[in-house]
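Chain letters run A, B, ... following the sequence lines, proteins first and then strands; every chain starts at 1.
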Amino acid sequence: MARPNEEVEALFQEYADLISITTGDAHRARAYEKAARSIGGYDADVSRLDDKGLRAIPNVGSSIADKISEYLRTGRVSAVEEARTRVPAGVRQLTAIPMLGPKRAKTLYETLHVSSVPELVEAIHAGRLRDLRGFGARSEEKILHGVELMQAAGDRVLLPVAGELAGEIVAALSAVTGCVRCEIAGSLRRMRETVGDVDILVAARKSEPFMAAFTALPQAAEVVAEGPTKSGIRTRSGLRVDLRVVHPDAWGAALLYFTGSRAHNIKVRRIAQRQGLKLSEYGLFDAESGRRIVSRTEEKVYQRLGMPWIPPPLREDRGEIEAAQEGRLPEVLTRRQLRGDLHTHTDLTDGLATLEEMVRAAADEHGYSYYAITDHAPALAMQRMTDEKILQQREQVRRLGASLHKGPRLLHGTELNIAPDGGVDWPDGFLAGFDLCVASVHSHFQQGRAAMTRRIVRACENPHVHVLGHLTTRLIGKRPGIDIDPDEVFAACARTGTALEVNSQPDRLDVSDELILRARGHGVKFAVDSDAHSVRALDGIRYGVGTAQRGWLTAEDVINTWSRQRLLRFIEAKRRRGRPAG
DNA sequence: GCCGTTTTCGGCCCGACTGTTTTCAGTCG
């Protein structure tokens with residue numbers, strides 16, 4: 001099961017949505033939303049807290065604490081159950097469509113009895129929205145487009161959702177007697193940004209105990225298939241999980257086969273074929289005699305085919321096989337090579353944890369040698385940042401930095417907002433006071449390509465902008481990226497010495513692996529950042545590392561693997577470049 | 001429903017955009 005905190009978070013988020021739809025009480029809904037976020041980002045496991053401990057969580061009072069207790073005791077919350085009876089689940093689904101919020105979802109349900117996304121599409125095609133107050137031709141168009149976007153994401157889930165589930169199942173199966181090995185395979189092992197189904201591989205001499213354990217898992221809502229070597233379940237959330245059990249002798253070949261991708265496998269098998277061999281999930285065989293040559297480890301299989309082991313994130317048939325054959329496979333970035341995080345928030349703006357809490361985690365849990373605090377700047381009005389507040393934070397950062405005997409060197413930065421014209425929140429003089437600035441787009445997503453490209457390029461040309469944050473601002477499955485000419489932007493990054501961020505938030509992963517590959521060609525440097533808004537989210541940087549690996553990045557390409565001295569030189573070089581000559 | 005006091009009720013992130021209206025509600029970040 002997921003951590004109880006996440007279950008409670010999802011439950012209160014749902015309750016908040018239901019409140020907005022049924023009562024329209026935005027403040028009460030917001031209270032549940034805030035509580036949900038706090039609980040999800042809270043360090044301590046809620047199931048280990050007593051009532052007093054629960055009420056110590058920010059935004060949790062007696063009413064919500066009671067509901068958490070009720071959930072932990074009974075597995076349900078009666079108030080939420082009651083709300084569910086009043087709103088079909090499909091109506092809540094409607095609010096996931098961009099531009100459709102609780103108010104209009106309620107209208108659709110109450111006047112047209114639309115209670116699911118397919119029903120909504122049908123109603124639009126039947127012209128039933130036309131005469132509805134608050135809806136028009138543009139609304140119809142936008143809703144249909146939003147539905148398309150959702151369907152393109154399909155039933156795929158984000159990495160952490162699949163990763164957590166897979167981790168639990170691997171732990172459960174590893175505990176079964178006779179388990180020689182158990183690992184995640186498939187697109188999750190390749191760290192694709194979304195995962196359609198979870199593949200798990202077990203090496204064991206007998207498969208029955210694993211099939212029995214697997215289909216009896218508490219996560220299994222439905223057993224889709226059950227056989228001697230292969231079974232499939234569907235979880236309550238609808239995610240499909242497949243288990244294959246192979247003999248330990250076939251482990252390497254099977255892991256290779258089930259990791260994919262399909263295109264990678266086809267090409268590797270063709271190479272085997274040309275050498276008079278045959279590769280299957282059971283091993284690498286001599287085509288004529290059928291004698292098994294190798295199969296125990298992936299390394300051995302690749303090696304026999306004339307290649308070094310290829311890291312799973314590279315296995316997409318994007319040239320990795322040729323590179324492996326020619327001995328020019330990149331040494332991809334690893335998590336351990338990261339020496340710092342350059343984009344993080346605190347509760348001074350929209351983060352959940354204090355400066356001290358974030359820094360302590362950066363030191364104790366991540367062992368960083370430098371760490372940047374980059375809270376939002378004033379242009380994001382909702383964050384209520386002021387000159388005074390950021391300067392006060394700088395003092396606080398300096399004091400905290402001086403008091404740390406070991407632990408990361410602290411950099412005081414900010415996440416600037418890139419205005420429609422490419423300007424940022426503060427003038428040069430004020431910006432010069434920061435150790436480091438990230439700059440990102442947060443609004444005006446609809447600008448045309450030319451204007452948008454100019455906007456970003458101008459931000460790159462600002463001598464105080466060191467990192468270009470979440471470039472496309474896409475939200476996976478929710479919002480497409482902004483329209484830019486990527487090559488022009490990457491050329492500007494390279495020319496001006498601006499690092500391109502690989503934002504690790506799992507619903508962003510921005511820039512994507514494809515754009516990383518494209519930017520690399522321009523000689524761009526990168527920063528892999530967590531953009532953490534809580535202590536726990538600092539760990540999300542591993543998704544950014546996965547994305548960087550898929551983009552073939554090495555430690556040399558990533559500025560936050562560099563020594564602090566080299567990083568500071570990079571920052572200083574840009575500032576010098578921006579200074580007028582003489 | 002939570003929070004912070006002006007301690008027990010009133011405010012709650014705020015501004016902009018969009019498509020719909022014909023002055024604004026709904027949605028978003």
Under 3.5 Å donor-acceptor pairs involving side-chain atoms of residues 482-492 of chain A, not counting sequence neighbours:
unit_1   : atom_1 : unit_2   : atom_2 : d
A:Asp483 : OD1    : A:Arg449 : NE     : 3.0
A:Asp483 : OD1    : A:Arg449 : NH2    : 3.3
A:Asp485 : OD1    : A:Asp487 : N      : 3.1
A:Asp485 : OD1    : A:Glu488 : N      : 3.3
A:Asp487 : OD1    : A:Arg518 : NE     : 3.3
A:Asp487 : OD1    : A:His522 : NE2    : 2.9
A:Asp487 : OD2    : A:Arg518 : NE     : 3.3
A:Asp487 : OD2    : A:Arg518 : NH2    : 2.7

Can you tell me, in whole Å, how much space there is between the [atom1] of [N] and that of [M]?
{"N": "B:dT6", "M": "B:dA16", "atom1": "C1'", "value": "33 Å"}
{"N": "B:dT22", "M": "B:dG29", "atom1": "C1'", "value": "28 Å"}
{"N": "B:dT18", "M": "B:dT8", "atom1": "P", "value": "45 Å"}
{"N": "B:dG19", "M": "B:dC13", "atom1": "P", "value": "27 Å"}
{"N": "B:dT5", "M": "B:dC9", "atom1": "C1'", "value": "10 Å"}
{"N": "B:dT20", "M": "B:dG15", "atom1": "P", "value": "26 Å"}

Between A:Lys67 and A:Arg30, which is nearer to the 5' end of DNA chain B once each is assigned its nearest nucleotide?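 By nearest-heavy-atom nucleotide position, the 5'-most residue is A:Lys67.
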Sequence neighbours excluded - salt bridge (Lys or Arg N to Asp or Glu O under 4.0 Å) pairs with any residue from residues 55-69 of chain A: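 Residue pairs with at least one partner in residues 55-69 of chain A: A:Asp51-A:Arg55.
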From the list A:Asn503, A:Leu333, A:Asp557, side chain to side chain contact (heavy atoms under 4.5 Å, CB included) partner of A:Val528 resolves to A:Leu333
Atom-pair distance (CG on A:Leu348; C1' on B:dC13), nearest Å: 13 Å
Looking at the angle O4'-C1'-N9-C4 for a purine or O4'-C1'-N1-C2 for a pyrimidine, is B:dT8 syn or anti, with syn meaning within 90° of 0? syn
In terms of side-chain geometry, is the basic nitrogen of A:Arg474 or A:Asp510 positioned less than 4.0 Å from the acidic oxygen of its partner?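 A:Asp510 and A:Arg474: not salt-bridged.
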For A:Arg495, is there an ion pair with A:Glu461 - N to carboxylate O distance below 4.0 angstrom?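 Counted as a salt bridge, because a side-chain N and a carboxylate O are separated by less than 4.0 Å.
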Is the NZ or CZ atom of [X] positioned over [Y]'s six-membered ring, under 6.0 angstrom from the centre and within 45° of the axis?
{"X": "A:Arg394", "Y": "A:Phe434", "value": "yes"}
{"X": "A:Arg479", "Y": "A:Phe445", "value": "yes"}
{"X": "A:Arg104", "Y": "A:Phe135", "value": "yes"}

Summary of protein contacts for nucleotides 15-28 of chain B, nucleotide by nucleotide, where a base hit scores B, a sugar-phosphate-only hit scores S (4.0 Å, heavy atoms): S-S-SS-----SSS
Let me have a per-nucleotide readout for nucleotides 6-12 of chain B, 5' to 3', with B, S or -, counting only protein heavy atoms under 4.0 Å. ------B
Could you work out, with ring-ring contact (aromatic ring centres under 6.0 Å, His included) as the rule, every residue matching [X], not counting sequence neighbours?
{"X": "A:His376", "value": "A:His345, A:His442"}
{"X": "A:Phe570", "value": "A:Trp562"}
{"X": "A:Tyr368", "value": "A:His366"}
{"X": "A:His464", "value": "none"}

Set of side-chain hydrogen bond (donor to acceptor under 3.5 Å, both in side chains) partners for A:Ser530, sequence neighbours left out: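 A:Ser530 satisfies side-chain hydrogen bond (donor to acceptor under 3.5 Å, both in side chains) with A:Asp341 only.
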For residues 419-434 of chain A, pull every pair meeting side chain to side chain donor-acceptor pair (under 3.5 Å), keeping only residues two or more places apart or in separate chains.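 Output for this query lists A:Asp387-A:Trp426.
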Base-pairing assignment for B:dG10 (Watson-Crick or G-U wobble, both under 3.5 Å):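 Pairing partner: B:dC3.
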Pairs: protein N or O with nucleotides 3-5 of chain B N or O, under 3.5 Å:
unit_1 : atom_1 : unit_2  : atom_2 : d
B:dC3  : OP1    : A:Asn59 : N      : 2.7

Near-strand residues of residues 75-82 of chain A, defined as heavy-atom separation under 4.0 angstrom from DNA chain B: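 Within this stretch, nothing sits under 4.0 Å of the strand.
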